[in-house]
Amino acid sequence: MNPSPSQRSGRILLAVSGGIAAYKVPELVRQLTKAGHEVRCALTPAACEFVSPMVLQTLSGAPARSELFDPGEEGEISHIELADWPDLVVVAPATAHVLARMTAGLADDLVTTLLLATRAPVLVAPAMNVNMWDHPATRENVGRLRERGVLLEGPVAGELACGWEGEGRMAEPEAIAARVGLLLSGDAWKGIRVLVSAGGTREPIDAVRSITNRSSGKMGFAVAAEAARRGAEVVLVAGPTALSTPPGVRRIDVETALDMEAAVNAEFPACQVAVMSAAVADFRPAHREAKKIKKEDLGPDQGLRLDLVPNPDILAGISRERGDRIVIGFAAESHDVVEAARRKIARKGCDLIVANDISRADAGFDTDTNAVFLISPGGEAEELPLLSKAEVAERLLDRVEKLRGVAR
Ligand code: C5P
């Protein structure tokens, strides 16, 4: 892989921990050096059981270290100098144990000491058994590392060395090397404006009452946060919610579907990507009473009849006008999720639908996790496992990068 003109080569400290996926590390070193990067390797003692430091040393052209207090190794370059040296640290494979040690801030060998001492950005490529990846301890550790700005590549689903199937395979060396190039170029999202809609809308009946839905806005806020983290300029059009605005995001608060439509239509022309995750009310009361409707005025035992009129479909509207912009919609379905979403993408005319099954307790409205399918215009469905909304946002933006033609 030759670096593209926008990519620059850099200094990569490759930290290797002890998992079977370490057998792919020589290929990763080869890919990184071929792309013009300078690579130095550090191994945990367990990693040396899976891959030979001599192989990494030969391929990288620099000493591969594993000892923290080896006088010879320290004489060459001290571990603090080594921690200061890179533009980017890549941990591949990152075992559950090394992720846990990173989370706790332990420094009990060379690799974890370097990880604690470095000020460079850190990209981890986890690799482990699916049950270890799914374990609440690992979930919590990954969540905390991500909050600290640690970046993840993978793991991917597939056949695992332990014989299990599932998520836990280390991302392929090509994918890790491509991500490194992207991170060092730092401009995949530079100058890209992303419009996100989030939350439910509130349709007033009178001065105090309204029709709304259970959307929390968490999914859209996670997308806005992740896009801003990647360097995009983000505009978030939000229905009523108590969530705080993610750093670096410009927020426009709206109440009704008509307000949301006006804000989205005003911002859309200047955007390159739109992610419409709001739960827009399909109907609104035909008339809004300026005052509070009083029971007494309706007569004894009288019900209240509401006339509802349809709201405009904001997503379908911007999809028609999208030109070469990328437009993503969401679909909350309670049954036949994939089939319903396939019909929806055809009807709305967008580039991708993120479909979730709202009948699950752990997905959809007002949860912190989501289980979604990514549905393409041709009907292809990619099922993602149960993930935090932050992780769904990452996967979604990875897909947007692919749709925009950024190699991953
Ligand atoms: O038609 P349905 O509400 O299931 O479609 C959901 C998708 O369409 C979401 O992306 C939502 O933001 C968008 N939508 C919209 N305007 C509407 C209804 C839904 O933009 N009136």
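Order of listing sets the numbers, starting from 1, for every ligand and every atom in it. Just the heavy atoms: all of them, side chains too, but no hydrogens, waters or symmetry mates, feed the values below.
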request  = Could you tell me whether P312 approaches ligand 1 through its side chain, its backbone, both or neither, with non-hydrogen atoms closer than 4.0 Å?
outcome  = backbone
Considering non-hydrogen atoms of the protein only, which is the closest contact for [atom], and what is the distance?
{"atom": "atom 16 (N) of ligand 1", "result": "I314 N, 3.0 Å"}
{"atom": "atom 10 (O) of ligand 1", "result": "M276 O, 2.6 Å"}
{"atom": "atom 6 (C) of ligand 1", "result": "F330 O, 2.9 Å"}
{"atom": "atom 4 (O) of ligand 1", "result": "K344 NZ, 2.2 Å"}
{"atom": "atom 5 (O) of ligand 1", "result": "K348 NZ, 3.0 Å"}
{"atom": "atom 3 (O) of ligand 1", "result": "D282 OD1, 4.0 Å"}
{"atom": "atom 20 (O) of ligand 1", "result": "L315 N, 2.8 Å"}

[X]-[Y] side chain donor-acceptor pair, cut-off 3.5 Å:
{"X": "N141", "Y": "T138", "answer": "no"}
{"X": "E401", "Y": "W189", "answer": "yes"}
{"X": "T212", "Y": "R202", "answer": "no"}

query = Is there a heavy atom of M260 sitting under 4.0 angstrom from any atom of ligand 1?
reply = no
message = Around atom CG of D307, are there more than 12 heavy atoms from other residues, nucleotides or ligands closer than 6.0 Å?
response =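 At most 12 heavy atoms, drawn from other residues, nucleotides or ligands, come within 6.0 Å of this atom.
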ask   = How about R148: does its CZ atom have over 12 heavy atoms from other parts shown lying under 6.0 Å from it?
value =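 Yes - once you tally the heavy atoms of other residues, nucleotides and ligands closer than 6.0 Å, there are more than 12.
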ask   = Taking 4.0 angstrom as the limit, do D297 and K292 come out as a salt bridge?
value = no
task = Identify whether the distance between the nearest side-chain nitrogen and carboxylate oxygen of K389 and D368 falls below 4.0 Å.
result = no
Value rounded to 0.5 Å, distance of CG in L14 from CZ in R40 =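 Here the rounded value is 13.0 Å.
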task = Could you list the atoms of ligand 1 found under 4.0 angstrom from a heavy atom of A278?
result =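 Checking each atom against A278, I get 9 (C), 11 (C), 12 (O).
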query = Atoms of ligand 1 less than 4.0 Å from G329 heavy atoms?
reply =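 Selected atoms, number and element: 10 (O).
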Sub-3.5 Å N/O-N/O distance, A281 and ligand 1 =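 No, no N or O pair falls under 3.5 Å.
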